[in-house]
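Below, chains carry the letters A, B, ... as their sequence lines are ordered, and counting in each starts from 1.
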There are 2 protein chains.
Amino acid sequence: MDGGAQSPAKKRKTSWKKDPEAVKENILAIATEEFAAHGLSGANINEIARKTSTSKRMIYYYFGDKEGLYCKVLEGVYGSLRRSEDLLDVAGLEPVEALRRLVEATFDAHANAPHFIRLVMIENIHNGDYLRKSDIVPKLNRSIIDKLEEVCARGKDQRLFREGADALELHWLISSFSFYNVSNKATFSASFGTSIYSKVHQAILKKKATDMILAAVVNGHEPSSWN
Amino acid sequence: MDGGAQSPAKKRKTSWKKDPEAVKENILAIATEEFAAHGLSGANINEIARKTSTSKRMIYYYFGDKEGLYCKVLEGVYGSLRRSEDLLDVAGLEPVEALRRLVEATFDAHANAPHFIRLVMIENIHNGDYLRKSDIVPKLNRSIIDKLEEVCARGKDQRLFREGADALELHWLISSFSFYNVSNKATFSASFGTSIYSKVHQAILKKKATDMILAAVVNGHEPSSWN
DNA sequence: CTCTTTATGTACCTCTGGGTTAATTTGTCA
DNA sequence: TGACAAATTAACCCAGAGGTACATAAAGAG
């Protein structure tokens, strides 16, 4: 699919060019695939090297060892998700619509970030050891919590939201079905079939889950999608 | 640390006894720990053997290879969960109470089955390949779905539940927060602190999540724990 | 134009870990 | 009681994966 690096016409004179950033990026991209696919111990450095346009030597040159590479991969996917969360702007929406938008966006973001999901699963298998060692932790998913807090505050101010609406608890709930929906697709399908993973059923689940959150948070909200 | 197997005084006469079932059980118990702790590729057969009261050779004698052992471990934990689900009887309760009980029981069952959670996570990393190969799949989590279906049917008959209440969708929702709560504890804590994992906060989350489900399903249910 | 630093390729080393071979002991049934 | 199967032990094998040594080409400093 990509390849093409071997085309002789391009680089016949200077046998190779120095381009550290591109090399690092290339390694990280492949490593993300491989770690996401096979886990930390399951991924194979030789295989990663083979799929890059560089050599195993360069992996160790830039990342030290397998764990170092894994950490950078982890930081990369967390960074991507955070950047996508930062793009979301609900400050202009009224509270109920803002919350609906946040839930739906979280659901979609998870559905569209399979690498992130898998690497978080893998990291949880390792008890979060590498995430904790990394320096990205503090600012981690801060932005999504900030947004939820802002929306909750406005909702309560306007007497639209119940007082029990709590940003962290909401994030826990919203993340749970958004994450589980992707992370446990394989075993859930094996047990109960693939029906809920059809495009239409996914839309229904998103709608019902969103409505359920709203029914819990918003005073007098009728969860009409459950009728 | 352990050792002691070399002490000559103990076993000078009958050096060993035949007890295949006990040996198999012993291997399975240790292997469950190790696979749950380190994953399929992360677990080490030599280490498993060392922790058993038998030898590596016996693992291969009874389970063929590493994957065979893993499959039996997987079947074991799924079986345990299913048996615990079978014990739950809500047929005598009126629909709303029955549903509340099912949600709470699922939440607690997951919280108390860390091995199951980790092995399901691991199995999902492997795309459910081994679960699908196993012969336990058909009857898998059938009982919990049957119970939900029975309760939903009664609830709708009595015009207590909304028509949109669907057993499989409910199971997806209930499982999601029950599972995520345990599976992602490490990364969630790393990001947002451990506050939600205190005993009291866990009870609050269970209450609120249950109330949220009820508010979605039950006509006119007021989610009072959110006030 | 050299000297140094950075970047890269090739070949290699080591040891771990999954899996096996072969012999030995225990139980059982004619 | 002796052959035969089942259970078990100890020692071994070896591919493969993580990691390294060493030489060297490119780029930058002076």
Look at all strands and tell whether B:Tyr62 reaches a base, only sugar-phosphate, or nothing, counting heavy atoms closer than 4.0 Å.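 Sugar-phosphate contact only.
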Please list, chain by chain and in numerical order, all residues satisfying salt bridge (charged side-chain N to carboxylate O under 4.0 Å, His left out) with [X], sequence neighbours excluded.
| X | answer |
| --- | --- |
| A:Asp211 | A:Arg100 |
| A:Arg50 | A:Glu47 |
| B:Glu149 | B:Arg142 |
| A:Lys24 | A:Glu21 |

Atom pair distance, as rounded to whole Å: [atom1] in [X] and [atom2] in [N]:
| X | N | atom1 | atom2 | value |
| --- | --- | --- | --- | --- |
| B:Tyr61 | D:dT8 | OH | P | 8 Å |
| B:Lys24 | D:dT8 | NZ | C1' | 15 Å |
| B:Met58 | C:dT24 | CE | P | 18 Å |
| A:Leu69 | D:dG19 | CG | C1' | 14 Å |

Among residues two or more places apart or on two chains, list those pairs meeting ring pair (Phe, Tyr, Trp, His ring centres under 6.0 Å) that have a residue in residues 70-92 of chain B.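 Checked against ring pair (Phe, Tyr, Trp, His ring centres under 6.0 Å) - neighbours excluded - the pairs reaching residues 70-92 of chain B are B:Phe35-B:Tyr70, B:Tyr70-B:Tyr130, B:Tyr78-B:Phe116.
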Of all residues at least two apart in sequence or in a different chain, which pass the side chain to side chain donor-acceptor pair (under 3.5 Å) check with B:Thr187?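 Here the qualifying residues are A:Asn124.
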Treat primed atoms plus P, OP1 and OP2 as sugar-phosphate and everything else as base, then score nucleotides 12-21 of chain C 5' to 3': B for base contact with protein heavy atoms under 4.0 Å, S for sugar-phosphate contact only, - for none. -----BBBBB
Partners meeting ring-ring contact (aromatic ring centres under 6.0 Å, His included) with B:Phe179 (sequence neighbours left out):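 In terms of ring-ring contact (aromatic ring centres under 6.0 Å, His included), with neighbours along the sequence ignored, B:Phe179 is linked to A:Tyr180.
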Pair B:Asp166 + A:Lys208: basic N to acidic O under 4.0 Å: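 No.
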Using only side-chain N and O atoms of A:Ser55, determine if any of them is under 4.0 Å from OP1 or OP2 of C:dT8.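 The answer is no; no side-chain N or O of A:Ser55 sits under 4.0 Å from OP1 or OP2.
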Does B:Thr54 make a side-chain N or O approach to OP1 or OP2 of D:dT8 shorter than 4.0 Å?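 The answer is no; no side-chain N or O of B:Thr54 sits under 4.0 Å from OP1 or OP2.
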Quick check on contacts: within residues 122-129 of chain A, what sits under 4.0 Å from DNA chain D by heavy-atom distance?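 Nucleic-acid contacts, sorted: none.
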